[in-house]
Amino acid sequence: MAEPITAPRGTYDLLPDQSYKWHYIENILTSICKSFGYSEIRTPTFEYTEVFSRGLGESTDIVGKEMYTMLDKSGRSITLRPEGTANTMRALIQHGLLKGLLPVRVYYISSCFRYEKPQSGRYREHHQIGVELMGSHYPDADSEVIKLAYHALRELGIKNTRLEINSLGCRECRAEYIKSLKDYFKQNIHLMCPTCNERLERNPLRILDCKSEICKEIASKSPDILSFICEPCSEHFGLLKEQLSDAGIEFIINPRIVRGQDYYSRTVFEFVHEGAGAQGTVCGGGRYDRLVEYLGSDPCPGIGFGMGLERVLLIMEAEGIEIPVPEGPEIFIAHIGENSQKIAANLVFELQKSGIYALYDINRRGLKAQLKFADKVSSKRYLVIGDSELESGKATIRDMKTKEETTIDLNIGSLIAIL
Ligand code: ATP
Ligand code: MG
């Protein structure tokens, strides 16, 4: 026999006895998106590589180290989507949506692919729900997407997240900050990881996003961006803070959040969960007013977030939040003999067409095995059809738990009436 094959490292199978948890989470999240006016967008799983290399920036970890990039049969470089924003922008630009009625509000639920070191809460294929709000410079847009994420986590029952916000300023005021950041890191660079040594020249801001303990320690004493941002950026940030407070949303200011993509400007934010350890960020987002220009469009401001669904589930488990387990069949119809089997099959099909979860035995097993199966799948009731039921036209429905019995006429109308 050939060796069995496993799923690739860093990926996992979502098995039938777990998928209800995802449906539960996705249903809540999508209904919240809809109540905020966001419509779903679905884009291809892969894009031309430029979408991400231009969109996210060459010096980011994602583009530099994590992308699944390959040449297709015609020699074009394509990349499996590592995140959801740049590709969504590509689609909005391609279809002229940023030239129509603004603001544009979209959400997506999609798989993302990153070549990372697999660990708890970190996979090579993970799933994100994300929203993008296009067409407003105002902090009202920033607070809207933060409110949406905040409300979503609340509705899932998650209590212990902490919202951290920061402003990265604009291109102009950030230049000043980067200069001072570079001066600071230069003094300590011999202690820092090889990647940060490279980052110092190419993109010192990225050092603040390094996961190495020593780099994090050094970065924690680096200059504070908030003392560098210009008047309009500072005013924008001030208004955002005011709006969050007005909405009763608590936050802390963390001047060292930069996020992993180069496209952010002004607001960046993260929802962090203490229980989730090193993989503590469950949702990250920010404003990206220049991104669409990198992708060849006229300017259009935007803000959004990505929320990792695997981490949402981990956190819910850590907080002991119970997700309702799906119920078993309303009824299992057991049969004895060929004639009964036909009647059972027809009745079950009629019930299924009426939207009632019903099963019968398709393996023609003996009665005992059929009832054992009904019990295993947690059927709420069962009914046995044999010769005497066919003759009398009556059958008895039994409740699996209480053993209560109800005799009915053996036809679909009477069955539906009782279920
Ligand atoms: P991290 O700092 O943990 O690497 P990130 O900054 O790379 O996260 P984003 O690109 O902002 O993350 O993605 C948004 C969200 O997607 C993250 O907050 C996280 O919840 C989730 N996420 C990112 N990468 C992974 C991964 N490899 N496995 C599982 N979830 C992930
Ligand atoms: Mg990452």
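All ligand and atom numbering here is 1-based and tracks the order in the structure. Just so you know, these numbers come straight off a predicted model, no measurement behind them.
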N/O separation below 3.5 Å, [X] to ligand 1:
X: D209; result: no
X: V282; result: yes
X: Y123; result: yes

>> Does only the side chain of E116 get under 4.0 Å from ligand 1, or the backbone, or both, or neither? Count heavy atoms.
In response: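 It is the side chain that touches ligand 1; the backbone stays farther off.
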> Side chain, backbone, both or neither: which part of C283 comes within less than 4.0 Å of ligand 1 when only heavy atoms are counted?
Replying inline: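 Looking at C283 and ligand 1, just backbone atoms fall under 4.0 Å.
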>> Could you work out, for atom 29 (C) of ligand 1, the closest of G306, G308, G121 by heavy-atom distance?
In response: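 Looking at heavy atoms only, the winner is G121.
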> Considering only heavy atoms, which of R114, E83, R122 lies nearest to atom 5 (P) of ligand 1?
Replying inline: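 That would be R114.
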>> Can you tell me how far apart OG1 (T79) and CD (E66) are? Round to the nearest 0.5 Å.
In response: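 The distance works out to 13.0 Å.
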> Looking at CG of L56 and CE of M67, how far apart are the two atoms once the value is rounded to the nearest 0.5 Å?
Replying inline: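 So the gap between those two atoms works out to 7.5 Å.
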>> Quick check on contacts: which atoms of ligand 1 are under 4.0 angstrom from a heavy atom of T281?
In response: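 Once the distances to T281 are compared, the set is 17 (C), 18 (O), 19 (C), 20 (O).
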> Counting from 1, what ligand 1 atoms have a heavy atom of K211 closer than 4.0 Å?
Replying inline: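 Counting atoms of ligand 1 from 1, those under 4.0 Å from K211 are 1 (P), 2 (O), 4 (O).
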> For Y48, is the NZ or CZ atom of R76 found under 6.0 angstrom from the centre of its six-membered ring and inside 45 degrees of the ring axis?
Replying inline: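 R76 over Y48 ring: yes.
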>> Using a 6.0 Å distance limit plus a 45 degree cone around the ring axis, check whether R42 lies over the aromatic ring of Y108.
In response: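 No, R42 does not lie over the aromatic ring of Y108.
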> Are a donor atom and an acceptor atom from the side chains of E144 and Y38 found within less than 3.5 Å of each other?
Replying inline: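 Side-chain D/A pair, E144 to Y38: present.
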>> Hydrogens and angles aside, do E327 and Y357 bring a side-chain donor and acceptor to less than 3.5 Å of each other?
In response: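 The criterion, which ignores hydrogens and geometry beyond distance, is not satisfied for Y357 and E327.
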